[in-house]
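Structure first, commentary second.
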Amino acid sequence: MSQLELPTRFDPKDFEERLYRAWKEGGYFTPEADPERPRFSIVIPPPNVTGRLHIGHALVNTLQDILVRWKRMSGFNTLWIPGTDHAGIATQMVVERELAKRGIGRREIGREAFEAEVWKFKEEHGDAIVHQLERLGVSCDWTRMRFTLDEGLSAAVRHVFVRLYEDGLIYRDLSMVNWCPQCETAISDIEVEYEETEGRLWHIEYPLSDGSRRLTVATTRPETMLGDTAVAVHPDDERWRDLIGERVRLPLTDREIPIVADAVLVDPEFGTGVVKVTPAHDRNDYEAGVRNGLPQIKVIDETGRMTAAAGADFASLDRFEARKRVVAALEELGLLARVEAHVHSIGHHEKCGTIIEPMISTQWFVKIEPLAVPALEAVRSGRISLIPSTWEPTWFNWMENIHDWCISRQLWWGHRIPAWYCDACGEIIVSESVPERCPKCESTALRRETDVLDTWFSSALWPFSTMGWPEKTKDYETFYPTDALVTGWDILFFWVARMIMMGLRFTGEAPFQQVYLHGLVRDEHGHKMSKSKGNVIDPLEVVDEYGADAVRFTLAILAAGRDIPLARNRMQGYSAFATKIWNAARFAMMHVDTELEDASRIVREDLRPVERWILSRLNATTREVNRALSAYRFDEAAHAIYQFFWHEFCDWYIEMAKPVLLEKTGDRKALAQARRVLLEVLDRSLRLLHPFMPFITEEIWLKLEGVEPSIMIAPYPIAEEVLEDSEAEKLIATMQQIITTIRNLRAERGYAPKDRFRVVLQIPDRRSARAFEQNGYLLLDLARLSELVINEPIPEGAHRDHVGGIEIGVELPRKEISPEEIERLQKQIEQIEREIASTAARLQDEKFVSRAPAHVVEGARARETELRQRLEKLRQNLAASSV
RNA sequence: GCGGGGUUAGCUCAGCGGUAGAGCAUCUGCCUUACACGCAGAGGGCCGGCGGUUCGAAUCCGUCACCCCGCACCA
């Protein structure tokens with residue numbers, strides 16, 4: 001018996017680290033690439049290489065680990081590939097900040113030295129986040145760790161780039177882009193976050209060239225007027241029709257600009273119906289400029305300062321300073337008609353918060369429609385499912401309105417675009433390897449493109465580049481496509497959409513079949529976590545405080561598909577659950593012999609009802625957990641097992657088994673059975689729980705001396721029909737109700753725990769009566785009775801009740817009934833009367849009886865009978881009490 | 001403007017056509033020999049308003065109100 005002991009004190013710190021090391025060293029996370037076995041594979045959403053673990057990482061990786069451990073135990077050859085993302089802008093920003101602390105500027109040291117610094121930083125701090133993940137118990141295969149800038153992944157990036165270029169899906173063009181003057185790079189449309197802002201609308205007067213009148217235009221950005229190259233009106237607008245083709249004098253400059261007609265740009269209902277046109281600094285104006293053949297005058301440069309083209313008075317001023325000066329100058333000239341408050345949304349760079357400057361720039365783009373259409377179709381046809389499916393409308397909406405993807409970044413950290421320019425003839429060479437000479441003119445004066453790719457370009461290849469693609473590796477053959485992708489909805493378009501597009505195009509397959517989009521972790525009141533609000537929960541801190549298992553379980557049981565309101569008291573609650581498991585295991589081990597190890601399989605027919613009942617309940621729980629996990633309902637799976645383990649196994653089964661286990665009954669056969677079942681239920685429960693709470697389940701399970709060396713490779717329980725037993729379930733449920741009724745009576749009437757009652761049960765059904773005779777001792781302990789008798793007359797004056805066709809008489813010691821208790825009885829009676837009335841009314845409704853399904857009608861009839869019997873008992877009790 | 005979500009016990013949320021649920025919080029007893037991180041018991045809700053479908057509606061449909069999230073527009 002000695003090996004089955006657990007220390008009384010329970011502290012996750014005693015074993016978390018030890019067990020994790022043992023798993024890792026045992027190679028359980030590392031599958032063989034065996035194409036014959038059924039497999040389950042998944043790739044991690046790679047965290048930023050210099051990032052710090054936050055609660056969102058804890059969530060996404062807990063959910064993946066639950067799936068992975070569940071599948072692995074269920075017999076699948078399971079691979080979970082971990083890795084990190086080089087995270088272009090984010091990492092460059094971090095390292096720049098670090099260098100700045102040492103007084104070093106990025107530009108001073110130059111590109112090569114800077115890149116070296118980033119690599120150095122990556123080597124020093126890069127894997128911190130990965131080791132932090134280990135604290136959670138994640139079972140990813142660390143031997144297959146990848147980084148988006150690894151040579152293999154970089155080769156995949158070059159390969160894809162070249163093929164897309166050759167297929168005409170990557171082009172280089174002068175176009176309007178979102179420019180971040182802080183980061184000094186172009187960014188894609190989805191990296192711009194818009195925010196409603198209270199701004200101003202300045203009305204400026206532009207005099208006609210002949211001086212005859214003035215046109216008033218309105219703008220939120222007065223400084224851009226310096227780059228105006230036209231004024232536009234609607235072609236059908238009567239007010240201005242005769243002015244089309246005339247010219248205005250652009251104030252603060254010496255230029256004259258035309259009045260053009262543009263039906264797309266101008267809404268005659270809005271403002272004055274006259275629009276200033278700045279083709280170089282506004283997306284709509286840019287397009288209007290193209291339509292009307294207008295010149296583009298760039299008045300703001302890449303750092304957000306005014307250019308020489310803005311005029312001597314404004315050149316080199318910051319754009320916001322220039323705004324003030326322009327407004328002041330206009331006011332002085334009497335050309336500022338008025339200023340209004342105006343709410344509009346302003347785009348910010350999501351990474352640094354800087355206001356985006358729309359700008360004309362030469363960039364590389366992916367022509368997106370040919371990629372988006374198959375991706376849209378893959379979801380429409382069900383080849384890929386989004387879970388929860390509420391994301392599908394959003395998906396279609398986005399895919400149908402998608403714009404070309406600007407993929408070039410003017411950064412130093414990332415995949416350098418594999419393009420070279422021939423200085424001699426201007427040819428552009430796009431190639432996977434470094435070209436020696438220009439294929440057109442043979443010149444060797446080639447300059448490599450300095451831009452790097454958007455980080456998400458390499459992330460888009462992640463599910464297959466991590467497996468060695470484009471090489472036909474064994475891993476790729478075995479584990480691609482992956483089965484599931486788990487990630488947050490916030491990167492549905494940044495990442496998931498692009499993986500699907502690239503996967504479909506380059507591997508011919510959807511990179512995964514199911515996408516589970518988890519909610520965002522928020523604080524207990526549903527607010528976003530942020531440092532400034534002080535409501536951030538640090539996963540490592542709570543793992544220290546409550547243990548990894550409690551944190552994981554909390555995240556899982558809250559993951560219902562919506563945003564997750566996380567509170568510390570929840571984690572505290574589930575750490576209590578871990579303690580409960582520990583103590584239940586301790587209890588079990590106190591009563592289980594090692595000799596039971598070779599006990600033969602349980603023969604169900606021999607078991608007492610209480611054992612058959614708990615096995616049946618466990619079986620139902622097993623079915624529910626598997627079902628819920630298949631549907632990504634982590635909350636339902638966790639809840640089912642929590643409910644079973646605590647409120648059925650601990651609260652009822654263990655208590656019901658005690659009389660036998662403590663050898664009060666002296667029944668040797670029953671004792672052996674109870675021990676065997678206790679062990680069986682504990683073992684299966686631990687295995688069911690393992691994906692959620694890997695550490696504590698392993699720590700206990702190892703003491704049970706199973707066949708396998710670790711619970712993580714023990715078979716996951718599946719429901720077995722042979723364990724179902726509705727008869728035992730019904731019997732025990734009735735007993736539970738009777739026990740609860742008596743306990744309730746004891747509490748409400750204020751009897752002490754030591755007071756024991758004699759109870760008489762009237763059981764008309766002979767079979768049930770016999771079952772109660774044989775198992776009635778359960779009531780003795782759990783309801784604290786002095787005696788239980790079946791089918792004798794209920795004595796005069798006994799308290800009466802009625803449960804499931806059984807009449808109960810409880811002989812209570814003499815005691816005054818409190819007025820509160822009488823009031824409570826009356827309230828109960830009224831409530832039951834109301835319920836009887838409504839049930840009876842339904843049953844008298846001919847339509848209900850004829851149209852409702854038979855079992856519903858039957859249920860109502862039974863209910864009415866039951867209610868009437870209870871009512872009668874309650875009335876008797878009330879009458880007795882008022883004597 | 002387009003699309004989506006929410007409104008259920010004090011709080012945070014499940015349930016989504018057949019007798020209102022959980023966790024936490026609250027109240028009352030218990031240190032009952034696995035566990036006071038526990039045990040037992042209790043109180044608390046006309047399931048946002050109004051219509052409709054149905055024998056029957058938190059549950060389906062419509063509508064209104066308030067809240068939230070994408071996307072687009074925003075001179």
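Just so it is clear, the values below take in all heavy atoms, side chains as well, and ignore hydrogens, waters and symmetry mates. Proteins get letters first, then strands, A, B, ... in listed order; numbering begins at 1 in each.
The side chain of Asn397(A) lies closest to G70(B), out of G70(B), G38(B), G44(B). Nearest nucleotide to the side chain of Arg784(A), out of U32(B), G3(B), C74(B): U32(B). When each of A34(B), G41(B), C74(B) is scored by its nearest atom to the side-chain atoms of Asn583(A), the top-ranked nucleotide is A34(B). Residue Arg586(A) places its side chain closer to C35(B) than to any other of C73(B), G5(B), C35(B). Comparing A22(B), G5(B), C39(B) by their closest approach to the side chain of Thr390(A) singles out G5(B). Comparing atom distances between the Ala584(A) side chain and each of C74(B), A14(B), A34(B) picks out A34(B) as nearest. Closest to the Lys827(A) side chain, of the nucleotides G44(B), G3(B), C11(B), is G44(B). Minimum atom distance to the side chain of Arg633(A) is reached by A14(B), of the listed G18(B), A14(B), G38(B). The Val856(A) side chain lies nearest to G18(B) when the options are G18(B), C73(B), G38(B). When distances are taken from the side chain of Tyr194(A) to each of A14(B), A72(B), C39(B), the shortest belongs to A72(B).
Across all strands shown, U12(B) forms a Watson-Crick or G-U wobble pair with A22(B), both key distances being under 3.5 Å. Taking a pair to require two hydrogen-bonding distances under 3.5 Å in either a Watson-Crick or a G-U wobble arrangement, G70(B) pairs with C2(B). Nucleotide G62(B) forms a pair with C50(B), judged by Watson-Crick or G-U wobble geometry with both contacts under 3.5 Å. Base pairing analysis places A40(B) opposite U28(B); the two distances defining the Watson-Crick or G-U wobble pair are each below 3.5 Å. Both distances falling under 3.5 Å, in either a Watson-Crick or a G-U wobble arrangement, occur for no nucleotide opposite U33(B).
On the C1' atoms, C11(B) is 31 Å away from G3(B), given to the nearest whole Å. Using C1' as the reference atom, C13(B) and U54(B) are 29 Å apart when rounded to the nearest Å. Remark: the separation of the C1' atoms in C16(B) and C73(B) is 36 Å, to the nearest Å. Rounded to whole Å, the P atom of C2(B) lies 16 Å from the corresponding atom of A72(B). As rounded to the nearest Å, G43(B) and A9(B) have C1' atoms that lie 11 Å from one another. Remark: the separation of the P atoms in A42(B) and G23(B) is 14 Å, to the nearest Å. With both ends at atom P, the span from C61(B) to A25(B) equals 37 Å, rounded to whole Å. A distance of about 16 Å separates the C1' atoms of G45(B) and U19(B), rounded to the whole Å.
For the residue pair Tyr206(A)/Asp228(A), the side-chain donor-acceptor check at 3.5 Å is satisfied.
At a threshold of 4.0 angstrom between heavy atoms, the contacts of Glu748(A) are confined to the sugar-phosphate backbone, with no base atom among them. The residue Ser838(A) sits apart from the nucleic acid: no heavy atom pair falls under 4.0 Å. At the heavy-atom level, Glu846(A) lies nowhere under 4.0 Å from the strands shown. Using a 4.0 Å heavy-atom cutoff across all strands shown, His855(A) reaches no nucleic acid atom at all. When heavy atoms are screened at a 4.0 angstrom cut-off, Ile654(A) is found touching base atoms of the nucleic acid. Thr272(A) comes within 4.0 angstrom of nothing in the nucleic acid, heavy atoms only.
Rounding to whole angstrom units, CG of residue Asp282(A) and P of C74(B) are separated by 7 Å. When the C1' atom of A72(B) is taken as reference, atom CD of Glu287(A) falls 13 Å away, rounded to whole Å. Rounded to whole angstrom, the span from the CG atom of Leu782(A) across to the P atom of C39(B) amounts to 14 Å. Between Asp845(A) atom CG and G56(B) atom P the separation is 8 Å, expressed in whole Å. Straight-line distance from the CG atom of Leu662(A) to the C1' atom of A34(B): 11 Å, rounded to whole Å. Rounded to an integer number of Å, the gap from CZ of Phe553(A) to P of C37(B) is 20 Å. Spacing between atom CG of Asn284(A) and atom P of A72(B) amounts to 12 Å, rounded to whole angstrom units. One can place CZ of Arg743(A) at 11 Å from P of C39(B), the figure rounded to the nearest angstrom.
Comparing Thr220(A) and Ala560(A) by the nucleotide of RNA chain B whose heavy atom lies nearest to each, the residue mapping closer to the 5' end is Ala560(A). When the nearest nucleotides of RNA chain B are assigned to His403(A) and Leu201(A) by heavy-atom distance, the more 5′-ward of the two goes with His403(A).
Relative to the ring axis of Tyr751(A), Arg746(A) does not place its NZ or CZ within 45° and under 6.0 Å from the centre. At least one cation-pi condition fails for Lys580(A) and Phe649(A): the charged atom is not both under 6.0 angstrom from the six-membered ring centre and inside a 45 degree cone around its axis.
Residue Lys754(A) places none of its side-chain N or O atoms closer than 4.0 Å to OP1 or OP2 of U32(B). For C39(B), the OP1/OP2 oxygens have a side-chain nitrogen or oxygen of Trp646(A) closer than 4.0 Å. Here Arg562(A) reaches the OP1 or OP2 of A14(B): one of its side-chain N or O atoms lies under 4.0 Å away. Taking side-chain N and O atoms only, Lys580(A) has a distance below 4.0 Å to OP1 or OP2 of C39(B). Residue His647(A) places at least one side-chain N or O under 4.0 Å from the OP1 or OP2 atom of G23(B). At A42(B), one or more side-chain N or O atoms of Asn744(A) fall inside 4.0 Å of OP1 or OP2 (strictly under the cut-off).
Under the 30°/60° scheme for interplanar angles, the aromatic rings of Tyr642(A) and His639(A) are found to lie parallel. Note: His342(A) and Phe270(A) have perpendicular aromatic rings, judged against thresholds of 30 and 60 degrees for the angle between ring planes. Below 30°, between 30° and 60°, or above 60°: for Phe645(A) and Phe577(A) the angle between ring planes is above 60°, a perpendicular geometry.
The minimum heavy-atom distance between His281(A) and Arg221(A), with the atom names listed, is O-NH1, 4.0 Å. Nearest approach of Val275(A) to Val217(A), heavy atoms of both residues: C-CG1, 4.2 Å.
In this structure, A42(B) shows a glycosidic angle more than 90 degrees from zero, which is the anti conformation.
Ring centroid separation for the pair Phe634(A) and Phe692(A) does not come in under the 6.0 Å cut-off.
Side-chain N/O atoms of Ser345(A) and base N/O atoms of C73(B) include a donor-acceptor pair closer than 3.5 Å.
A salt bridge is defined here as a Lys NZ or Arg NE, NH1 or NH2 lying under 4.0 Å from an Asp or Glu carboxylate O, and Arg863(A) with Glu835(A) meets this definition.
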